Amino acid sequence: MENILKLVTENQQMIYIVILMVFLGIEVIGRVPSVLHTPLMSGANAIHGVVIIGAIIVMGKASTDNYLALVLGFLAVVLGTLNVVGGFVVTDRMLEMFKKKK
Amino acid sequence: MENILKLVTENQQMIYIVILMVFLGIEVIGRVPSVLHTPLMSGANAIHGVVIIGAIIVMGKASTDNYLALVLGFLAVVLGTLNVVGGFVVTDRMLEMFKKKK
Amino acid sequence: MQLDILTIAYIIGSVTFILGLKMLSNPLAARKGNLIAAGGMTIAIFATIFLYQTEDGQGLHNYAWIFSGLIIGSIIGTLAAKKVKMTAMPEMVSMFNGMGGACAALISAVEFDHVYREFRLDSNSFAAVVPFGHYFTISAGAIIGGVSFAGSMIAWGKLNGRVKDFTFNGQHIVNLLVFGFIVVVAGLTYWSNTSVTNIWFLITILTALVYGVMFVLPIGGADMPVVISLLNSFTGVAAACGGFLYNNKVMLTGGILVGAAGTLLTILMCKAMNRSLMNVLVGSFGTKHTASGGPAKQAGNHKEITVTDAAMLMSYAKKVFIVPGYGLAVAQAQHTCHELEKLLEEKGVEVKYAIHPVAGRMPGHMNVLLAEADVSYDKLLEMENANDEFKSTDVVLILGANDVVNPAAKNDPSSPIYGMPILEVEQAKTVIVNKRSMKPGYAGIENDLFYQPKTSMLFGDAKAALQKLIAEIKNV
Amino acid sequence: MQLDILTIAYIIGSVTFILGLKMLSNPLAARKGNLIAAGGMTIAIFATIFLYQTEDGQGLHNYAWIFSGLIIGSIIGTLAAKKVKMTAMPEMVSMFNGMGGACAALISAVEFDHVYREFRLDSNSFAAVVPFGHYFTISAGAIIGGVSFAGSMIAWGKLNGRVKDFTFNGQHIVNLLVFGFIVVVAGLTYWSNTSVTNIWFLITILTALVYGVMFVLPIGGADMPVVISLLNSFTGVAAACGGFLYNNKVMLTGGILVGAAGTLLTILMCKAMNRSLMNVLVGSFGTKHTASGGPAKQAGNHKEITVTDAAMLMSYAKKVFIVPGYGLAVAQAQHTCHELEKLLEEKGVEVKYAIHPVAGRMPGHMNVLLAEADVSYDKLLEMENANDEFKSTDVVLILGANDVVNPAAKNDPSSPIYGMPILEVEQAKTVIVNKRSMKPGYAGIENDLFYQPKTSMLFGDAKAALQKLIAEIKNV
Ligand SMILES: NC(=O)c1ccc[n+]([C@@H]2O[C@H](COP(=O)([O-])OP(=O)(O)OC[C@H]3O[C@@H](n4cnc5c(N)ncnc54)[C@H](OP(=O)(O)O)[C@@H]3O)[C@@H](O)[C@H]2O)c1
Ligand SMILES: NC(=O)c1ccc[n+]([C@@H]2O[C@H](COP(=O)([O-])OP(=O)(O)OC[C@H]3O[C@@H](n4cnc5c(N)ncnc54)[C@H](OP(=O)(O)O)[C@@H]3O)[C@@H](O)[C@H]2O)c1
């Protein structure tokens with residue numbers, strides 16, 4: 001129990017950032033019209049592609065003879081890039097169609 | 001220049017908290033109806049009364065023979081309390097009137 | 001352990017502030033939101049008193065001072081807040097805001113004193129020993145808090161009529177100079193010899209107070225709500241400085257939250273009046289026109305109506321709209337007004353109220369006022385809806401409103417209120433205006449409406465006039 | 001210096017994500033918002049590549065691997081995203097989401113491998129040397145990422161018809177057991193002897209994949225958009241785990257932002273269908289009823305209409321409403337539909353579209369589809385407005401829609417779609433329904449509308465039927 005409490009103080013700032021981010025995520029979405037649900041979902045999908053940064057770090061730190069790490073890291077980079085690039089492009093295509101309406 | 005940059009990294013988490021808080025403040029207010037402007041103003045007014053905590057810390061740390069600090073700190077506590085208590089009570093009174101409408 | 005619980009208390013505090021503010025911006029949840037924020041504040045305050053530890057692990061002392069301060073503040077605060085009349089709400093808010101600003105400035109002063117005592121003997125300038133960041137937060141807290149305090153006091157004085165508008169040519173340039181002076185003095189405090197550091201700091205605070213006064217003085221009384229909202233966000237930033245100073249997250253988050261929300265609220269208020277913030281701050285809107293306008297400049301003839309005629313007109317109308325304004329609040333005639341409404345309804349007349357968003361002296365003023373008199377909610381129409389209905393209205397009864405029905409806002413591009421949306425009462429068949437004289441309203445400009453053939457004036461204090469009307473209608 | 005710039009790049013990244021998401025939820029700014037977020041992402045990625053430093057101050061290496069990965073991913077991603085048909089958008093999103101989940105799981109795996117290599121010889125369990133928090137983030141990232149990956153793949157398969165719904169009794173209990181098993185294995189990984197730690201970890205990941213499959217399998221195909229949105233927020237949380245792992249703020253904020261926003265979006269989507277999230281996940285909505293409903297259970301007689309008669313009816317109507325549905329998208333008949341609309345308008349018929357928010361297979365599907373065919377925006381009426389206008393409509397032409405016009409949603413409390421708002425087409429004078437057979441739509445239930453006296457069926461593929469209609473109308 002005391003350990004958990006200590007974790008709270010040690011990670012105070014992180015906890016704040018997480019809580020504020022959760023609030024922001026909820027506030028920002030607020031009440032979107034259902035028409036925008038799909039592009040919004042796909043845009044959010046592209047944003048969590050930020051996980052690619054973790055893949056780059058893993059890859060960039062792997063020692064050059066650790067083939068397991070290299071291969072897995074490489075795969076992670078490819079998949080993460082797919083998520084990011086594909087996500088943004090697909091969202092843009094969808095929104096392009098929407099814009100025509102006006 | 002380099003010093004300022006260093007400050008950014010050192011206070012990274014603080015900077016995040018401030019930025020996120022600014023976003024939240026803006027998001028949360030969003031588009032309020034003008035009818036609520038006054039109570040909202042007064043409610044926000046009560047919240048910044050949180051400065052009272054600083055007054056308590058100052059007061060509680062002042063050495064018992066430093067009369068300048070004691071007097072100023074005491075004044076700060078009184079004024080801060082006025083802000084907090086008065087702010088919340090006045091807001092509540094105002095909102096009570098609003099509620100009757102329904 | 002103790003500190004960990006304090007951290008959690010602070011997190012709870014921050015979260016309740018966000019939740020509270022969020023709920024405050026929703027009419028249905030507003031009151032609960034206020035209570036939630038108050039609860040979080042209480043937790044944060046008591047956690048600080050009992051759990052706070054200085055770097056060397058000591059708790060706080062001087063409990064007697066602290067608790068007497070808290071008790072005195074609570075008693076005065078509660079009494080003042082409970083006793084204040086509804087119409088004086090904005091003044092009260094301004095006053096409390098000033099207290100918060102003063103509190104922030106005092107904290108900075110004590111903290112400065114603390115640092116100063118520690119270093120004045122060992123070194124020849126603050127710059128040599130105090131990190132710039134630390135000094136900056138102290139100084140910023142003192143300056144912003146001081147400006148907020150002095151400004152709020154002036155705003156308070158203006159709202160209750162104790163302080164008059166005061167302008168001179170080039171005032172804004174002078175203000176800018178004063179502001180520059182503050183920055184210079186704050187720099188001198190940091191870099192000059194410790195023998196005079198304290199004097200420079202004192203000058204910094206004093207000039208901040210002067211600036212606060214000069215900043216608010218030229219702004220018209222009618223714009224005070226906007227100014228108060230702005231000063232509100234200043235105090236928020238000052239509180240956040242305290243948060244940086246003590247690395248205290250609840251002060252930091254609370255302060256920044258109010259700072260950001262207050263700034264946006266200020267802008268929203270300006271938008272509701274169809275003006276820019278710049279225009280409010282620099283435009284000296286209220287003043288100039290009180291000077292140039294005025295009763296001398298009457299544009300035509302107005303006609304009066306007797307109470308008996310007014311009573312007749314209203315009794316036989318199908319639909320009557322009441323337009324309340326600042327005068328109704330001044331005369332405290334809301335209850336009498338509600339009586340008139342009930343009487344007319346008994347006679348089969350349909351009675352509604354047209355509520356302009358900035359009628360009165362604070363946003364939502366008329367809603368609060370009429371709610372106090374138990375007028376039912378669905379009788380109050382917002383501006384847009386009322387404007388749609390005036391065409392089918394027989395009589396519009398204007399009770400102490402002026403600017404909000406001034407057609408110049410629509411027709412006269414040179415008018416200072418041009419562009420503000422108004423209640424278009426001239427679409428109704430007849431308009432009866434109750435006020436005490438032909439004097440202008442807060443914007444200080446003539447109102448053409450009063451001289452139109454449709455319009456007749458019913459002079460007198462709103463409450464007295466309404467009472468007479470009621471008596472007459474009972475006789476019809 | 002280098003690290004400071006990296007910090008700033010990350011701050012910029014986080015801010016653009018917030019701004020981007022905010023703008024994405026506003027129709028007018030959405031596209032710009034997407035570009036802004038993409039810009040921030042690019043900055044964050046390249047800053048990481050060139051500026052990142054490990055604790056001992058070294059930069060990254062293996063640039064060749066990194067860049068080839070980036071290039072390969074970009075090319076495939078762009079091609080796939082550009083080539084995919086509009087109707088297959090949700091599948092594509094699901095696929096990309098799965099990639100993100102897999103990426104998060106892989107990172108955790110490599111990180112596990114890293115820690116494992118370091119400690120397997122010195123100690124007898126992870127618990128002895130690795131802080132629990134560190135292991136927890138690794139494990140959570142692997143599990144959540146794995147579930148998200150497997151679930152997204154199944155969702156993808158369901159949407160394009162490769163995977164069929166699959167349910168058995170007590171499935172949800174089995175799923176709960178599997179989930180419990182994951183937790184136990186993850187615990188074993190931490191506390192068991194290092195000789196088997198790696199095996200337990202492998203089992204953890206594998207079970208997570210199994211769980212992802214089993215979680216999505218029983219959920220009906222029509223609910224896939226909701227499931228994808230939920231898995232989307234899972235991937236967000238998995239990315240945030242990576243942020244904790246590397247104390248990387250941009251990953252943390254981006255991940256949490258999407259996690260929170262995605263969860264809310266999921267709930268909003270359920271609300272738009274008037275169902276609870278629980279009902280979607282556990283209700284097995286789609287499946288059960290495909291089983292129980294079906295063509296056998298016809299409730300009465302339907303009547304058919306010839307193309308000639310339909311053409312006549314529509315040519316001489318004053319006002320025609322077109323109700324597009326999933327079938328129109330399948331038949332790719334949007335252009336032909338626009339042609340019909342123009343033809344009728346030339347003949348003086350007023351033509352409008354009634355858009356149901358969940359018509360088709362993704363929210364906004366019909367808007368996208370018709371926009372592709374250049375149908376003008378002001379011809380598209382949202383459900384509420386369309387429902388107001390059906391009364392004054394002569395002919396409603398339903399093109400491949402079914403569930404969104406099923407009156408059971410209003411009348412039959414036992415129906416699985418009961419409570420969903422629908423387009424109330426039966427208020428119009430005549431209803432013409434185009435579909436290929438009497439088969440039910442996605443919810444798998446009978447539609448009473450087809451058997452009503454007002455309704456006549458025009459069987460055939462939407463595109464073919466429309467082409468015939470156009471030809472006939474030209475002859476009228
Ligand atoms: N509500 C807000 O938030 C807010 C904020 C900032 C500015 N303002 C400004 O305040 C103004 C509000 O407009 P308004 O139409 O409500 O008020 P107004 O234009 O200020 O006019 C009030 C009128 O009431 C009359 N009056 C005063 N005491 C009276 C009494 N005892 N009995 C009867 N009549 C009395 C006055 O005329 P006599 O002296 O002849 O009686 C005066 O012309 C606008 O200019 C608005 O922009 C409002
Ligand atoms: N939009 C969303 O975001 C979303 C999300 C989740 C669930 N859903 C669900 O999806 C359903 C959408 O309703 P809906 O009315 O659009 O579609 P629907 O109820 O699925 O009905 C589509 C109809 O189109 C017909 N069809 C198929 N191919 C055709 C073709 N080539 N030409 C002509 N007709 C064709 C089918 O009948 P035949 O086989 O007889 O031709 C079918 O009955 C709802 O149940 C909704 O809850 C939607």
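Fair warning: this is a prediction, and the values are worked out from it, not measured in the lab. Note on naming: letters A, B, ... go to the chains in the order of the sequence lines (proteins, then strands), and numbering restarts at 1 for each one.
- Per-residue counts of heavy-atom pairs under 4.5 Å with chain C were compared for Ile29(B), Val78(B), Leu82(B); the largest is that of Leu82(B).
- Of the atoms belonging to Lys271(C), not a single heavy atom falls under 4.5 Å from chain B.
- Taking Ile107(C), Asn232(C), Ile256(C) one by one and counting their heavy-atom pairs under 4.5 Å with chain B, the maximum is reached by Asn232(C).
- Of the residues considered (Met95(C), Lys22(C), Met251(C), Met366(C)), Met251(C) shows the highest number of contacts with chain B, using heavy-atom pairs under 4.5 Å.
- No part of Ala80(C) comes within reach of chain B, as not one of its non-hydrogen atoms sits under 4.5 angstrom from that chain.
- Within the 4.5 angstrom heavy-atom criterion, atoms from both the backbone and the side chain of Ile56(B) approach chain C.
- Remark: the Ser74(C) side chain and the Thr81(B) side chain contain no N/O donor-acceptor pair separated by less than 3.5 Å.
- Neither the backbone nor the side chain of Glu382(C) comes within contact range of chain B; no heavy atoms are under 4.5 Å apart.
- Only the side chain of Phe244(C) comes within contact range of chain B, with at least one heavy atom under 4.5 Å from a heavy atom of that chain.
- Ranked by heavy-atom pairs shorter than 4.5 Å toward chain B, the options Asn26(C), Val110(C), Ile75(C) are led by Val110(C).
- The contact between Tyr10(C) and chain B is made entirely by side chain atoms (from C-beta outward), counting heavy-atom distances below 4.5 Å.
- If you measure heavy-atom distances from Leu252(C) to chain B, the contacts under 4.5 Å come from the side chain alone.
- Residue Lys83(C) touches chain B through its backbone alone, counting heavy-atom pairs closer than 4.5 Å.
- Interface remark: of the candidates Gly49(B), Ala62(B), Gly43(B), Ala62(B) forms the most heavy-atom pairs closer than 4.5 Å to chain C.
- Counting heavy-atom pairs closer than 4.5 Å to chain B, the top-ranked of the candidates Ile76(C), Asn247(C), Val84(C), Asn248(C) is Val84(C).
- Only the side chain of Tyr52(C) comes within contact range of chain B, judged by heavy atoms closer than 4.5 Å.
- With respect to chain B, the highest number of heavy-atom pairs below 4.5 Å among Leu231(C), Asp113(C), Leu245(C), Leu106(C) belongs to Leu106(C).
- Only the side chain of Met41(C) comes within contact range of chain B, with heavy atoms under 4.5 Å apart.
- In this structure, chain B has heavy atoms under 4.5 Å from both the backbone and the side chain of Leu24(C).
- Listed options Ser68(C), Ala238(C), Gly69(C) were ranked by heavy-atom pairs under 4.5 angstrom with chain B; first place goes to Gly69(C).
- Your options are Val32(B), Val85(B), Thr38(B), and the one with the most heavy-atom pairs under 4.5 Å with chain C is Thr38(B).
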